[in-house]
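Taking it in order: structure first as structure tokens, then the write-up.
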There are 2 protein chains.
Amino acid sequence: MAPKPAGAYDPGAYPPFAVTVDVVVVTVVDESLQVLLIERGADPFGGQWALPGGFVHEDEALEAAAARELAEETGLEALPALRQLGAFGDPGRDPRMRVVSVAYLAVVPHLPPVEAGSDARRAELTPVRSVVGARARRRLAFDHLEIVTAGVARTRALLETTPIATAFVDHPFTLSELRRVYEAVWGRALDPGNFRRKVLSIPGFVNPTGRQAAPGPEGGKPADLYRAGRAIRLDPPLHQPVARSR
Amino acid sequence: MAPKPAGAYDPGAYPPFAVTVDVVVVTVVDESLQVLLIERGADPFGGQWALPGGFVHEDEALEAAAARELAEETGLEALPALRQLGAFGDPGRDPRMRVVSVAYLAVVPHLPPVEAGSDARRAELTPVRSVVGARARRRLAFDHLEIVTAGVARTRALLETTPIATAFVDHPFTLSELRRVYEAVWGRALDPGNFRRKVLSIPGFVNPTGRQAAPGPEGGKPADLYRAGRAIRLDPPLHQPVARSR
DNA sequence: GGAATAGTGTCTCTGAGACAGTATAGT
DNA sequence: ACTATACTGTCTCAGAGACACTATTCC
């Protein structure tokens, strides 16, 4: 942190940087993990897809800037807590100038319809699979692929140690709905009985409402409805099951 | 990320920031976790203790800046990988101007004697206990207490999921020496037999050398010597034991 | 009744922690 | 012999996963 030892502040003593924020908004739709992207209206990378974000104002906290930019570009407000993913500041990541971007993660249930605003031509949810991984078909602007990758990794970790999975479903919810969130992110089917037992054994994860949901169109026994509990962390954590060798 | 949609680059369109890096260097000495601090030579916070760090140069990667500042202020070079802890950029964290600092963590074995350089009046290892927690007696400059806290938390997490504990001991080492690292960080005694069995069951954590160490001044059976293995992650992880209710 | 989903019960295997027992050094 | 440390073996318990079974709905 320490600037030059000279007591007085010399504005020429340090190179000026631009500081921006980018936000990775993830949700689960149609049993797949999705990320919110905007189509850039201007160069550089005009017409390409990118994360919502923008410049931090003077005297504005980083997290506040992330919330503001997200609202401006996508109309999303009153989001749950933003979690910082880290700083991305390689020289050359923006072709115009030296920029350090601080990335944030927001985990939300199915979104209200997003509306493109300010610099964004369009804003839409995109399956993570189509952006990251071997079968990706959509290239992202800047180093936003790296940022999305970090966001997805953090989301997976948060699912195991915090109750954010409840943020992906409507309230109240059935344990089957909650289970499908984990199945979507882990990409494997879970045993309904074992999942139920494990979830109910974690204090403060979910609370019963005493009510029941209507069965789906295919019939089946009505499921009990739950709400998110008060826990901040899952203790013990809900780790991804490992198939037994046998 | 997206700047204003105007195609041309307008240098007046964004507020200029200073960007700095700070480094949390942690090690284990005398069975306690310690952090490297420098005494600031100049205002603000002249005479107070702070983390080594400084301004990022133009066209310099963030991590490279962290390594350079560390070398300049403490003489430390050729450190193991620096891990990013995150960005700290509250308005007002530096009384002179708007500064965003990107913090890094370095985990090292006992250090070569550190020598204060450039702006640092002194540089020395300080027990984490005397800086963070209820019985802290040393106040840090800026928001460096917050950064140190993040670094210590990350260190604890890394101990459980990566082989960095081997970076805290000399090579080759005995399993008792390795065990004392965990005991120092977790603040509790571990069962030597169970620790041994657990460590040896994690593939790639440690490799036997076939040699033995001389017993200590108190006697005892000579211990086998080991070296760090090739594993990048501990799988399964080495979690802090939970005492059995009984 | 048949199919589908929700929920319960139970078996087995694994891993962790507690702790006793053995081995080898110094004094 | 005594002590201190290193190492090995064993017991028990809790949790996880597999899976069978019951319950309740729609068709």
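So that the names make sense, note that chain A is the first sequence line, chain B the second, and so on, each numbered from 1. FYI, side chains are in, hydrogens and waters are out, and symmetry mates aren't considered; it's all heavy atoms of this structure.
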### Query
Do any N or O atoms from the side chain of Gln84(A) and from the backbone of Ala87(B) form a donor-acceptor pair under 3.5 angstrom?
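Yes, Gln84(A) side chain to Ala87(B) backbone: donor-acceptor pair under 3.5 Å.
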### Message
So, does Ser176(A) get its side chain near the phosphate of dA6(C), meaning an N or O under 4.0 Å from OP1 or OP2?
### Response
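Ser176(A) to dA6(C) OP1/OP2: side-chain N or O found under 4.0 Å.
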Atom [atom1] of [X] and atom [atom2] of [N]: how far apart are they, to the nearest Å?
{"X": "Gln240(B)", "N": "dG17(C)", "atom1": "CD", "atom2": "C1'", "value": "14 Å"}
{"X": "Leu175(B)", "N": "dT5(D)", "atom1": "CG", "atom2": "C1'", "value": "13 Å"}
{"X": "Glu177(B)", "N": "dT5(D)", "atom1": "CD", "atom2": "P", "value": "13 Å"}
{"X": "Arg179(A)", "N": "dG7(C)", "atom1": "CZ", "atom2": "C1'", "value": "11 Å"}
{"X": "Leu225(B)", "N": "dC7(D)", "atom1": "CG", "atom2": "C1'", "value": "14 Å"}

### Message
Does anything in residues 196-206 of chain B come within less than 4.0 Å of DNA chain C? Heavy atoms only, and list the residues if so.
### Response
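Correct list: Arg197(B), Lys198(B).
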### Task
For DNA chain C, determine which residues of residues 183-195 of chain A have any heavy atom closer than 4.0 angstrom to one of its atoms, and list them numerically.
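Listed by number, they are Gly193(A).
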### Task
Check the surroundings of atom CZ in Arg188(B): do more than 12 heavy atoms from other residues, nucleotides or ligands lie under 6.0 Å from it?
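Enclosed: over 12 neighbouring heavy atoms sit under 6.0 Å from CZ of Arg188(B).
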Sequence neighbours excluded and cut-off under 3.5 Å, please list the side-chain donor-acceptor pairs for residues 196-205 of chain A, or say none.
{"residue": "Arg197(A)", "atom": "NH2", "partner": "Asn194(A)", "partner atom": "OD1", "Å": "2.7"}
{"residue": "Ser201(A)", "atom": "OG", "partner": "Lys198(A)", "partner atom": "O", "Å": "2.8"}

### Query
Can you list the residues that meet the side-chain hydrogen bond (donor to acceptor under 3.5 Å, both in side chains) rule with Gln240(A), with sequence neighbours excluded?
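Gln240(A) satisfies side-chain hydrogen bond (donor to acceptor under 3.5 Å, both in side chains) with no other residue.
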### Message
Under the rule for side-chain hydrogen bond (donor to acceptor under 3.5 Å, both in side chains), what residues qualify as partners of Arg138(B), not counting sequence neighbours?
### Response
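For Arg138(B), the residues satisfying side-chain hydrogen bond (donor to acceptor under 3.5 Å, both in side chains) (neighbours in sequence not counted) are Thr126(B).
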Polar atom pairs between nucleotides 25-27 of chain D and protein, under 3.5 Å, N or O only, would you list them?
{"residue": "dT25(D)", "atom": "O2", "partner": "Gly220(A)", "partner atom": "N", "Å": "2.9"}

### Query
Can you name the residues that form a salt bridge (charged side-chain N to carboxylate O under 4.0 Å, His left out) with Arg68(A), not counting sequence neighbours?
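Listed in chain order: Glu60(A), Glu72(A).
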### Query
In chain order, what residues pass the ring pair (Phe, Tyr, Trp, His ring centres under 6.0 Å) check against Tyr182(B), with sequence neighbours excluded?
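With neighbours one apart ignored, the set is Trp186(B), Phe195(B).
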#### Entry: Contacts of Arg156(B) that satisfy side chain to side chain contact (heavy atoms under 4.5 Å, CB included) - sequence neighbours left out
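For Arg156(B) the side chain to side chain contact (heavy atoms under 4.5 Å, CB included) partners, ignoring immediate neighbours, are Val152(B), Val185(B).
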### Message
Could you work out, with side chain to side chain contact (heavy atoms under 4.5 Å, CB included) as the rule, every residue matching Gln34(B), not counting sequence neighbours?
### Response
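For Gln34(B), the residues satisfying side chain to side chain contact (heavy atoms under 4.5 Å, CB included) (neighbours in sequence not counted) are Thr27(B), Val29(B), Ser32(B), Leu125(B), Pro127(B).
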Table please: side-chain donor-acceptor pairs of residues 219-232 of chain B below 3.5 Å, with sequence neighbours left out.
{"residue": "Asp224(B)", "atom": "OD1", "partner": "Gln212(B)", "partner atom": "NE2", "Å": "3.3"}

Less than 3.5 Å apart, which donor and acceptor atoms pair up between the side chains of residues 172-180 of chain B and the rest of the protein, not counting sequence neighbours?
{"residue": "Thr174(B)", "atom": "OG1", "partner": "Ser176(B)", "partner atom": "N", "Å": "3.4"}
{"residue": "Thr174(B)", "atom": "OG1", "partner": "Glu177(B)", "partner atom": "N", "Å": "3.1"}
{"residue": "Ser176(B)", "atom": "OG", "partner": "Arg179(B)", "partner atom": "NH2", "Å": "3.3"}
{"residue": "Glu177(B)", "atom": "OE1", "partner": "Thr174(B)", "partner atom": "N", "Å": "3.0"}
{"residue": "Arg179(B)", "atom": "NH1", "partner": "Glu183(B)", "partner atom": "OE2", "Å": "3.3"}

